[in-house]
Amino acid sequence: MIKLLFFARIKERLGKSEMTIDFVENQSLQTLTQELIKKHGDEWQILLEPDTVFSCNQRVVDRDHIVADGDEVAYFPPVTGG
Amino acid sequence: MIKLLFFARIKERLGKSEMTIDFVENQSLQTLTQELIKKHGDEWQILLEPDTVFSCNQRVVDRDHIVADGDEVAYFPPVTGG
Amino acid sequence: MSNHKSALQYTNADIHINVQSEGFDLSDEMLQLQNCFDKQDQEIGAISSFTGQVRSTEEDQSVVDKSGKLLALSIEHYPGMTEKSLLETCQLANKRWPFKACRVLHRVGYLTVGQPIVLVLVAASHREQAMKACEFIIDHLKTAAPFWKKAIFENTAHWVEAKPSDQLAIKRWQE
Amino acid sequence: MSNHKSALQYTNADIHINVQSEGFDLSDEMLQLQNCFDKQDQEIGAISSFTGQVRSTEEDQSVVDKSGKLLALSIEHYPGMTEKSLLETCQLANKRWPFKACRVLHRVGYLTVGQPIVLVLVAASHREQAMKACEFIIDHLKTAAPFWKKAIFENTAHWVEAKPSDQLAIKRWQE
């Protein structure tokens, strides 16, 4: 299983803050995300917008990062704290 | 009259914190100070040590500054506040 | 975001991180910062602080015309990752400007105009370390810690956009 | 020392200077800083502070061997000129990094180890102004304001020498 988390305007757009999906061997975040969009529709394109940040197990990663079973993946806009 | 003020180690060395002297027309701080040393003795050489700061009316000035009647002149070591 | 994994080294500085909805009192935090140390061995000569708070004004008058006055910020974060990111930021700062102790508090939730958002406190032997570390931490936090602000106006609300100037501010430290 | 007479221009920032023997409370000072403003128009987004305090440690072990432990600092100043100098320093800072308000408190008299000596507080719209102005004020004060510290050790006492590093710190701002 992979746990997915969504934050800020991405969470609002998708209308959900988290979900779980099945683990697929040797899948990059890019591919995993394309599968999500295929399944859930155009609204989910926001996940691949150029400024969307990807994290895996609470570390920012590139889109070609290969996901492992049990990983926590998050999608969020550029941060605006402080 | 000219009011003279001494601070920190200069004050301690001279054993006094202030005094007044007569005003002399067209006298620089350098000359005024040399007269003081002549009158009071070698102990007062501290006033002309290279790092002694001169102020006139609470502004730092050069040693060639010409004193006016009623001025407040101060001698002090480099500052160490903060 | 955080490209500084190499900075996660052991440091003997006392680093305290908190993400909280409650406010904070600067003097209390100063005391707690100082309580990290043996009273007999007070090597702290300098303490720097930075407080960020909700401003009422929008520089862009067209925003004010359209949206009305700013009432509050609503701040969301990624629990777990936020604390990890803030700790990394402090460790990175400590590596460059060794300090004795540091406290970073960041609030989340609904914060009205004038309320404090973030506090960075750094205690060091000398002023350069304290001031530089404090400045670095706030600059770094702004581009690395997963917080998001939503601006709540009289007539509308929108997510705050990341500022290019914050990206520039952090680049400055890489020189 | 102060070569910046040209900086004595009108500024609409609220500048508060105090030379005092009593201590101070950071939160109180923050409140007073913020009270300078109309509550309805809170443009302050950033507040920086710097606190300098008496350190117990001497880096130079040979001094410790000879003089014993540092017990306190005795701080003397030039009344009148000090306040004038501090005000000039703040006005100069405000010219380069416009801020809304600033408070500078400097203590005089006998201060034991761990006690605060100086507080610089700057409130501005944005963090860069607040942090840079605060840093500038403390750097400038150290080479311009007529204060002198005497270090009181167990076995002796001596006037603190001006540090070349403070001269370097202020030169940095002239670039």
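What you see below is based on every heavy atom in this structure, not just the backbone, and it leaves out hydrogens, waters and symmetry mates. Labels below follow one simple rule: chain letters A, B, ... track the order of the sequence lines, proteins then strands, and each chain is numbered from 1.
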B:N57, part contacting chain D, at a heavy-atom distance under 4.5 Å
backbone
Would you name the heavy atoms of [X] and [Y] that are closest together and state the gap between them?
X      : Y     : answer
D:P146 : B:V79 : CA-CG1, 3.5 Å
D:E76  : B:A8  : OE2-N, 2.9 Å
D:V160 : B:T80 : O-CG2, 3.4 Å

Look at the rings of D:W148 and B:F7 and say which category their plane angle falls in: under 30° parallel, 30 to 60° tilted, over 60° perpendicular.
parallel
Can you tell which of B:E72, B:E12, B:K11 has the highest number of heavy-atom pairs within less than 4.5 Å of chain D?
B:E12
Tell me whether the count of non-hydrogen atoms from other residues, nucleotides or ligands lying under 6.0 Å of CG in B:D22 goes above 12.
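For B:D22, atom CG is not crowded (no more than 12 foreign heavy atoms under 6.0 Å).
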Name the region of D:K163, side chain, backbone, both or neither, that has any atom closer than 4.5 Å to a heavy atom of chain B.
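Neither part.
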Using non-hydrogen atoms and a 4.5 Å limit, figure out which bit of D:I117 sits close to chain B: side chain, backbone, both or neither.
side chain
Under the side-chain hydrogen bond (donor to acceptor under 3.5 Å, both in side chains) rule, collect the residues that match up with B:S17, sequence neighbours excluded.
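Checked B:S17 against side-chain hydrogen bond (donor to acceptor under 3.5 Å, both in side chains); zero matches.
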Are the side chain of D:K149 and the backbone N or O of B:G82 linked by a donor-acceptor pair below 3.5 Å?
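Yes: the side chain of D:K149 pairs with the backbone of B:G82.
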Between B:R59 and D:E88, does a side chain to side chain contact (heavy atoms under 4.5 Å, CB included) hold up when you go through it step by step?
CA-CA 11 Å; B:R59 291 210 161 272; D:E88 261 186 62; 2.9 Å; yes
